[in-house]
Amino acid sequence: RALLSLLTAVLCVGWWLYCSYFNNAGRRADSDTSVVFWNVEHGWLGWPGIIDTLARYDPDIVGLVEVRDINAVRDADAEIRRYWQKAFPQHEVTDLKGGMLLICRGRITEVSIGRLREGGRYKHARLETTGGVLHVLIVDIKSDPLMFRRESIAEIAAIASKIGDEPTL
């Protein structure tokens, strides 16, 4: 019985690792806007590997959560932002407030952050892209299988509904 439990645990961990990381960028038309959202888990895969993967996708918009290394001091935020700006020189890069980073090929005109009642947080940005104005909500909802996320999702829906008729991701 113990061997069966161990084998099941190993298979579950293997499946989780396999399903947690995909690297299959598809082709897109020139008129498409490509978006990548990634919870980078404080750089668990290593920052150079994350940047290489993002560069292969060549996204117009990147939303990253859990960007700040948990061992980094707050004063390192400016250095981390410069690091990402150097990696994506054709893009604008937001600050790291809320531990979230937005990278955009276009102009970031407004940024705000907020907390959700259930322990999550969000960053709302207004972008000016070649396709026009676009609002982006980057959301990091606390992940706990024993916690319902309904209230957090309802909060995000309420924030998105206040944006109006402008396109929103």
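What you see below is based on every heavy atom in this structure, not just the backbone, and it leaves out hydrogens, waters and symmetry mates. We're numbering straight along the sequence, starting at 1.
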Apply side chain to side chain contact (heavy atoms under 4.5 Å, CB included) to Leu127 and Val133, showing your working.
CA-CA 6 Å; Leu127 315 177; Val133 171; over 6 Å; no
With rounding to the nearest 0.5 angstrom, report the [atom1] to [atom2] distance, [X] to [Y].
X	Y	atom1	atom2	answer
Ile80	Arg82	CD1	CZ	10.0 Å
Phe37	Leu137	CZ	CG	11.0 Å
Leu134	Ile61	CG	CD1	4.5 Å

Going by heavy atoms in the side chains, are [X] and [Y] under 4.5 Å from each other?
X	Y	value
Val136	Thr168	no
Ile141	Ile153	yes
Tyr57	Val62	no
Leu45	Trp38	yes
Val67	Val40	yes
Val139	Leu116	yes
Ile50	Asp52	no
Tyr83	Ile51	yes

Between Arg121 (side chain) and Gly98 (backbone), is there a donor-acceptor pair under 3.5 Å?
yes
Report yes or no: does Arg81 contribute a side-chain atom to a donor-acceptor pair with the main-chain N or O of Val93 at less than 3.5 Å?
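Confirmed, Arg81 side chain pairs with Val93 backbone.
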Which pairs would a plain distance check flag for residues 106-115, meaning a side-chain donor or acceptor within less than 3.5 Å of a matching protein atom at least two apart in sequence or in another chain?
unit_1 : atom_1 : unit_2 : atom_2 : d
Arg107 : NH1    : Glu128 : OE1    : 2.9
Thr109 : OG1    : Arg126 : O      : 3.1
Thr109 : OG1    : Arg126 : NH1    : 3.3

According to the side chain to side chain donor-acceptor pair (under 3.5 Å) rule, which pairs have a member within residues 84-97, sequence neighbours left out?
Thr94-Lys123, Asp95-Lys123
Pairs touching residues 151-165 that satisfy side chain to side chain donor-acceptor pair (under 3.5 Å), sequence neighbours left out:
none
Is [Y] reachable from [X] through a run of I, L, V, M, F, W or Y residues, each pair having side-chain heavy atoms under 4.5 Å apart?
X	Y	result
Trp44	Leu96	yes
Val65	Trp47	no
Leu169	Met100	yes
Ile103	Val35	no

Among pairs that include at least one residue of [range], which meet ring-ring contact (aromatic ring centres under 6.0 Å, His included), considering only residues two or more places apart or in two chains?
range	answer
residues 113-134	His124-His135
residues 98-117	none
residues 97-119	none

Chi angles and distances behind the side chain to side chain contact (heavy atoms under 4.5 Å, CB included) call for Thr129, Arg105
CA-CA 7 Å; Thr129 68; Arg105 185 179 287 132; over 6 Å; no
Minimum heavy-atom distance Asp60-Ser34, with the two atoms named
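Taking Asp60 first and Ser34 second, the nearest heavy atoms are OD2-N, 2.8 Å.
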Any idea which heavy atoms bring Ile138 and Gly63 closest together, and the distance?
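Shortest heavy-atom contact: CD1-CA, 3.8 Å.
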Let me see the working for Asn39 and Leu64 under side chain to side chain contact (heavy atoms under 4.5 Å, CB included), right down to the final yes or no.
CA-CA 6 Å; Asn39 181 330; Leu64 302 175; over 6 Å; no
